[in-house]
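First the proteins, then the strands, lettered A, B, ... as listed; each starts at 1.
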Protein chains: 2
Amino acid sequence: MSTPDRLIESTRELLWERGYVGTSPRAIQQRAGAGQGSMYHHFSGKPDLALAAITRTAEEMRAGVEEILGGPGTAVERVSAYLRREREVLRGCPIGRLTQDPDVMADPALRRPVEETFAWLRDRLAEVLAEGRDLGELDAGLDPGATAATIVAVLQGGYVLARAAGTPEPFHQAVEGVLALLSHP
Amino acid sequence: MSTPDRLIESTRELLWERGYVGTSPRAIQQRAGAGQGSMYHHFSGKPDLALAAITRTAEEMRAGVEEILGGPGTAVERVSAYLRREREVLRGCPIGRLTQDPDVMADPALRRPVEETFAWLRDRLAEVLAEGRDLGELDAGLDPGATAATIVAVLQGGYVLARAAGTPEPFHQAVEGVLALLSHP
DNA sequence: GTCTATAGTGTGATAGAC
DNA sequence: GTCTATCACACTATAGAC
């Protein structure tokens with residue numbers, strides 16, 4: 001792995017664990033096994049590195065979601081598979097957590113990938129839900145856009161509950177709760 | 001307002017806006033109009049002040065919730081009122097955001113009020129939902145615990161979506177989405 | 001490309017005068 | 001109780017040698 005790649009990977013991990021404010025260039029360098037000069041040679045500074053890290057994380061997340069939502073199965077099956085997919089629940093969502101970082105949200109360049117990822121995710125889920133509704137798999141009165149927002153919110157909020165509780169259990173409860181509401185009627 | 005009170009209020013605001021890592025004693029003092037000596041006279045340091053601030057916020061939140069959930073109306077009416085209550089959506093949840101702060105979660109004293117607040121909230125909502133189910137207002141097969149987790153997660157995740165989008169709209173969509181699922185069958 | 005040296009600022013806290 | 005002075009350290013970045 002090249003030095004720039006190692007720096008980006010270090011930044012990704014630290015942004016996930018400690019957020020943007022809590023991540024220092026020094027910590028990034030140490031984790032990557034790179035010196036200061038090296039880091040500032042490849043990147044203009046902390047924001048530049050963070051942009052590379054966030055962009056890469058957003059791309060990976062999108063690909064992972066599309067693998068499930070664009071795969072085989074009925075609409076409800078695909079949504080269920082997405083909700084029940086294995087996750088490192090207590091680590092939280094690497095994109096969602098950036099949302100709480102004022103310095104990220106204040107920088108348009110850093111904010112864009114966060115905004116776009118969630119917009120895409122909601123749209124993609126809404127498409128699948130609309131498909132399920134049109135095929136009679138879901139209630140005819142179901143609002144795909146609102147329900148998609150609910151589902152994404154359950155995941156993001158599930159992470160919050162799990163971290164508060166110190167266990168993944170409330171995350172899984174929240175997921176099963178919304179699936180029961182979705183499938184039951 | 002006394003100096004200790006002003007310091008606590010400053011800390012509450014800054015924890016909400018910038019989180020624990022992003023909040024410096026200096027910023028707290030400046031916002032409170034207090035000097036360093038004054039701050040360290042009344043509090044032993046940043047963690048001590050944060051504990052006072054978090055405790056106060058948790059107490060207020062609990063009282064606000066109980067006012068609605070313990071008020072008049074059917075179970076669904078009270079849950080709807082709680083979900084639709086006016087909120088400063090883009091500011092996020094002052095307790096939920098602490099969940100993303102590794103230094104808060106690493107300190108058992110700071111973590112406890114966060115953990116207890118969410119545990120209480122889920123239990124309280126589950127009670128109301130069980131009541132609604134037992135009175136035939138909600139589906140007989142509804143799981144109160146899981147559904148309560150779902151509802152709290154929708155709120156917490158709604159904040160995340162709203163901040164990502166830069167507008168409160170997805171928060172309201174998520175809320176209406178879950179209410180539709182809850183009331184429809 | 002990578003290194004070390006250095007700078008300027010902020011952090012979190014203590015000391016001791018008033 | 002509140003003030004100013006001071007501390008040791010970390011942060012983010014630049015300079016210039018190698």
Side-chain angles (χ1 to χ4, degrees), chain A residues 1-56 97-98 100-111, chain B residues 1-56 97-98 100-111:
Chain A
M1 217 191 209
S2 71
T3 298
D5 263 344
R6 287 204 318 280
L7 285 164
I8 292 175
E9 288 305 310
S10 296
T11 307
R12 293 216 295 159
E13 291 170 19
L14 285 164
L15 284 181
W16 196 356
E17 292 167 19
R18 306 206 33 90
Y20 185 82
V21 175
T23 295
S24 67
R26 192 164 190 272
I28 293 169
Q29 295 150 24
Q30 288 181 336
R31 194 175 286 219
Q36 279 201 21
S38 185
M39 186 194 114
Y40 282 102
H41 172 78
H42 293 291
F43 299 93
S44 71
K46 183 175 164 177
D48 190 27
L49 246 173
L51 179 58
I54 294 171
T55 302
R56 187 176 289 186
R97 85 143 290 156
L98 299 172
Q100 304 299 328
D101 229 307
D103 292 3
V104 170
M105 300 317 274
D107 182 334
L110 296 181
R111 186 204 176 114
Chain B
M1 215 191 212
S2 68
T3 298
D5 262 344
R6 288 205 317 281
L7 284 164
I8 292 175
E9 288 306 311
S10 297
T11 307
R12 294 217 296 159
E13 291 170 19
L14 284 165
L15 284 181
W16 196 358
E17 291 167 19
R18 307 207 32 90
Y20 185 82
V21 175
T23 296
S24 68
R26 192 164 192 272
I28 293 170
Q29 295 150 24
Q30 287 180 336
R31 193 174 287 218
Q36 280 200 22
S38 186
M39 185 193 115
Y40 282 102
H41 173 77
H42 294 289
F43 299 94
S44 69
K46 184 175 163 176
D48 190 27
L49 245 173
L51 179 58
I54 294 171
T55 302
R56 188 177 286 185
R97 85 143 290 157
L98 299 172
Q100 303 298 327
D101 229 307
D103 292 4
V104 170
M105 300 317 274
D107 182 334
L110 296 180
R111 187 205 176 111

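Residue Gln30(B) contributes atom CD, which lies 13 Å from atom P of dT4(D) at whole-angstrom precision. Regarding Gln29(B), its CD atom lies at a distance of 14 Å from the P atom of dG10(C), rounded to whole Å. Whole-Å rounding puts the Gln36(A) CD to dA7(C) P distance at 14 Å. Whole-Å rounding puts the Leu7(B) CG to dG1(D) P distance at 14 Å. With rounding to whole Å, Phe43(A) atom CZ is found 16 Å from dT14(D) atom P. Atom P of nucleotide dA13(C) and atom CG of Leu49(B) are separated by 10 Å, given to the nearest angstrom. Spacing between atom OH of Tyr40(B) and atom P of dT2(D) amounts to 16 Å, rounded to whole angstrom units. Arg26(B) places its CZ atom 16 Å from the C1' atom of dA10(D), with the value rounded to the nearest Å.
In this model, the phosphate group of dC3(D) is not approached by any side-chain N or O of His41(B) to a distance below 4.0 Å at OP1 or OP2. Phosphate contact (OP1/OP2 of dT11(C), side-chain N/O of Ser24(B), threshold under 4.0 Å): present. Thr3(B) has no side-chain polar atom (N or O) that falls below the 4.0 Å cut-off from OP1 or OP2 of dG1(D). Dashed line: the shortest gap from a side-chain N or O of Ser38(B) to OP1 or OP2 of dG1(D) is not under 4.0 Å.
A salt bridge links Arg56(B) with Glu9(B); the closest basic N to acidic carboxylate O contact falls under 4.0 Å.
The closest donor-acceptor contact from the side chain of Thr23(B) to the backbone of Leu14(B) lies under 3.5 Å.
Map Tyr20(B) and His42(A) each onto its nearest nucleotide of DNA chain C; the residue landing nearer the 5' end is His42(A).
Interatomic distance, Ile54(A) CD1 to Leu98(A) CG, rounded to the nearest 0.5 Å: 5.0 Å. A distance of 10.0 Å separates OG1 of Thr11(A) from NZ of Lys46(A), quoted to the nearest 0.5 Å.
Using a 4.0 Å heavy-atom distance criterion, Gly37(A) is classed as a base contact. Residue contacts for Ser2(B): at a heavy-atom cut-off of 4.0 Å it reaches no nucleic acid atom on any strand shown. Gly45(A) comes within 4.0 angstrom of the backbone, heavy atoms only, and of no base.
Listed by chain and number, the residues in a side chain to side chain donor-acceptor pair (under 3.5 Å) with Asp48(B) amount to none (sequence neighbours excluded).
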